[in-house]
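What's counted below: heavy atoms across the whole structure, side chains too, no hydrogens, waters or symmetry copies. Proteins come first, then strands; the chains are lettered A, B, ... in the order of their sequence lines, and each starts at number 1.
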Amino acid sequence: MPEGHLIHRHAREQHRAFAGRRVRAASPQGRFDARPYGGRLVEGVEAVGKHLLYHFDGGPAIHVHLGMRGLFLRYDDPATQPRRGTRLRLATDEVAFDLIAPSRCETMGGEQVAALRASLGPDPLRGDADRGVAVRRLAAFTGPVGAAVLDQGVWAGIGNAWRAELLFLAGLDPDARDVGAEAAGRLWDVAVRHLALGRDAGQVVSDPAAPDERWVYKRETCRRCGTAVRTWTLAARTAYACPLDQPAELGRLAR
DNA sequence: CGTCCATGGTTAG
DNA sequence: TAACCCTGGACGC
């Protein structure tokens with residue numbers, strides 16, 4: 001379930017719990033060597049796109065990627081027994097966070113962290129994201145915009161649900177190519193605004209007035225105009241779009 | 001209760 | 001392109 005907005009939400013919550021504190025670390029499941037981290041001082045927890053980084057004082061970081069099935073469980077009583085299959089537990093005297101079924105949970109040194117950062121495009125939820133770089137990378141992508149936004153090297157943190165809703169909000173057909181700088185900038189601004197709403201709400205927020213609703217994602221008909229939503233496979237995932245509100249030519253015209 | 005699918009990404013083929 | 005990964009929800013029987 002986790003796209004970038006939820007990863008940032010986890011980072012913020014766990015940063016508050018762990019930063020500046022020493023933690024207990026364990027891998028009840030045994031698939032991660034947590035021993036080097038026990039008693040270590042946490043410098044901070046940050047999100048980069050869909051990646052989580054736990055930084056420790058004077059040692060390598062922990063890199064976590066939840067993939068599609070990973071999740072965190074929070075226990076406000078850190079004495080609670082971890083459930084079966086818990087890959088990693090980090091805890092203070094006040095709270096424990098358990099990591100279940102991540103696609104990645106590994107030690108990562110400084111060079112690897114730098115390489116990870118370099119592999120990712122601007123993240124709309126990071127204050128250090130460069131809008132100019134974001135616009136240039138999207139405009140330079142050779143292929144449909146619906147493939148570009150899922151490419152984490154173009155923009156980091158967008159997943160399939162946000163692809164559908166952000167392209168709707170920007171009025172862009174996912175199949176559109178060469179959308180141009182103006183449309184790219186419009187899409188970026190929509191992403192910055194809505195991902196922040198989603199991070200704060202803990203879910204995809206397509207319409208702040210109706211936070212549980214979507215415009216096209218997993219819908220039969222467009223929530224705005226009632227037209228049948230078109231679904232097809234784009235970049236190996238199901239794309240959703242309204243043929244009326246996301247006309248094929250709009251991206252080009254806006255250029 | 002079993003099956004299928006998915007808000008992801010890597011790796012093997 | 002497919003399979004995989006110690007998941008969860010929806011849905012069918």
Side-chain angles (χ1 to χ4, degrees), chain A residues 1-11 26-34 47-53 62-75 81-89 97-108 112-113 115-121 123-125 143 146-169 174 187 190-191 194-207 211-220 223 229 231-241:
Chain A
M1 307 165 203
E3 294 188 40
H5 64 302
L6 293 179
I7 305 307
H8 277 265
R9 186 178 174 86
H10 287 306
S27 178
Q29 170 200 55
R31 283 182 56 183
F32 176 71
D33 183 8
V48 190
K50 299 169 186 170
H51 301 258
L52 267 175
L53 292 168
I62 298 176
H63 169 234
V64 167
H65 196 293
L66 294 183
M68 198 140 57
R69 311 193 282 205
L71 63 141
F72 283 103
L73 298 176
R74 178 192 174 117
Y75 297 106
Q81 282 297 110
R83 71 183 233 185
R84 195 174 60 85
T86 298
R87 182 79 60 95
L88 172 65
R89 165 171 286 195
F97 287 90
D98 285 4
L99 172 62
I100 315 292
S103 64
R104 287 295 182 87
C105 174
E106 60 196 357
T107 290
M108 189 172 265
Q112 291 170 290
V113 169
L116 173 65
R117 293 187 200 280
S119 74
L120 298 170
D123 175 346
L125 282 176
V149 296
L150 285 186
D151 184 331
Q152 301 298 298
V154 177
W155 293 358
I158 311 291
N160 202 33
W162 280 116
R163 167 173 80 170
E165 297 296 282
L166 294 175
L167 290 174
F168 177 90
L169 288 163
L187 183 61
V190 168
H194 282 262
L195 263 63
L197 292 171
R199 174 198 57 206
D200 295 342
Q203 63 177 28
V204 172
V205 176
S206 310
D207 176 0
D212 292 333
E213 297 290 336
R214 311 283 169 265
W215 294 112
V216 292
Y217 177 68
K218 285 190 174 173
R219 284 184 59 95
E220 299 271 317
R223 178 164 171 263
V229 167
T231 64
W232 70 107
T233 298
L234 176 57
R237 312 195 68 88
T238 305
Y240 306 80

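Counting to the nearest Å, the P atom of C:dT7 and the CG atom of A:L73 are 12 Å from each other. One can place NE2 of A:H10 at 13 Å from P of B:dG8, the figure rounded to the nearest angstrom. Here the C1' atom of nucleotide B:dG8 and the NE2 atom of A:H5 are 14 Å apart, to the nearest Å. Protein atom NZ of A:K50 is 10 Å distant from nucleotide atom P of B:dT7, rounded to whole Å. Between A:D98 atom CG and C:dT7 atom P there is a gap of 15 Å when expressed in whole angstrom units. Atoms CE (A:M68) and C1' (B:dG8) sit 5 Å apart, rounded to a whole Å. One interatomic measurement links the two molecules: OH of A:Y240 to C1' of B:dC5, which rounds to 10 Å at whole-angstrom precision. Atoms NE2 (A:H65) and P (B:dG9) sit 4 Å apart, rounded to a whole Å.
Residues passing the salt bridge (Lys or Arg N to Asp or Glu O under 4.0 Å) test with A:R104 are A:E106, sequence neighbours excluded. Not counting sequence neighbours, the partners of A:R219 by the salt bridge (Lys or Arg N to Asp or Glu O under 4.0 Å) test are A:E213. Every side chain to side chain contact (heavy atoms under 4.5 Å, CB included) that A:Q203 has, sequence neighbours left out, goes to A:A201, A:V205, A:P211, A:D212. Taking A:H8 as the reference, nothing meets the ring-ring contact (aromatic ring centres under 6.0 Å, His included) condition, with sequence neighbours excluded. Residues satisfying the side chain to side chain contact (heavy atoms under 4.5 Å, CB included) criterion with A:T107, sequence neighbours excluded, are A:F32, A:Y37, A:P60. A:D151 meets the salt bridge (Lys or Arg N to Asp or Glu O under 4.0 Å) test with no other residue; sequence neighbours excluded. Under the side chain to side chain contact (heavy atoms under 4.5 Å, CB included) criterion, A:R117 pairs with A:E46, A:V48, A:L53, A:H55, A:V113, A:R126, sequence neighbours left out.
Applying a 4.0 Å cut-off to non-hydrogen atoms, the residues of residues 148-159 of chain A that approach DNA chain B are A:Q152, A:G159, listed by residue number. Against DNA chain B, the stretch residues 99-108 of chain A makes heavy-atom approaches under 4.0 Å through A:S103, A:R104.
Rounded to the nearest Å, the gap between the C1' atom of B:dT10 and that of C:dG8 is 22 Å. Rounded to whole Å, the P atom of C:dC11 lies 15 Å from the corresponding atom of B:dT7.
Contact between the side-chain N/O atoms of A:R237 and the OP1/OP2 oxygens of B:dC5 is not found at any separation under 4.0 Å.
Under the 30°/60° scheme for interplanar angles, the aromatic rings of A:H65 and A:H51 are found to stand perpendicular.
If you check every strand for non-hydrogen atoms under 4.0 Å, A:R214 touches nothing.
When each of A:L6, A:I100, A:L66 is tested with A:F72 by the rule side chain to side chain contact (heavy atoms under 4.5 Å, CB included), just one qualifies, namely A:L66.
For A:R69, taking side-chain heavy atoms from C-beta onward, the closest of the listed nucleotides B:dA6, C:dG8, C:dC5 is C:dC5.
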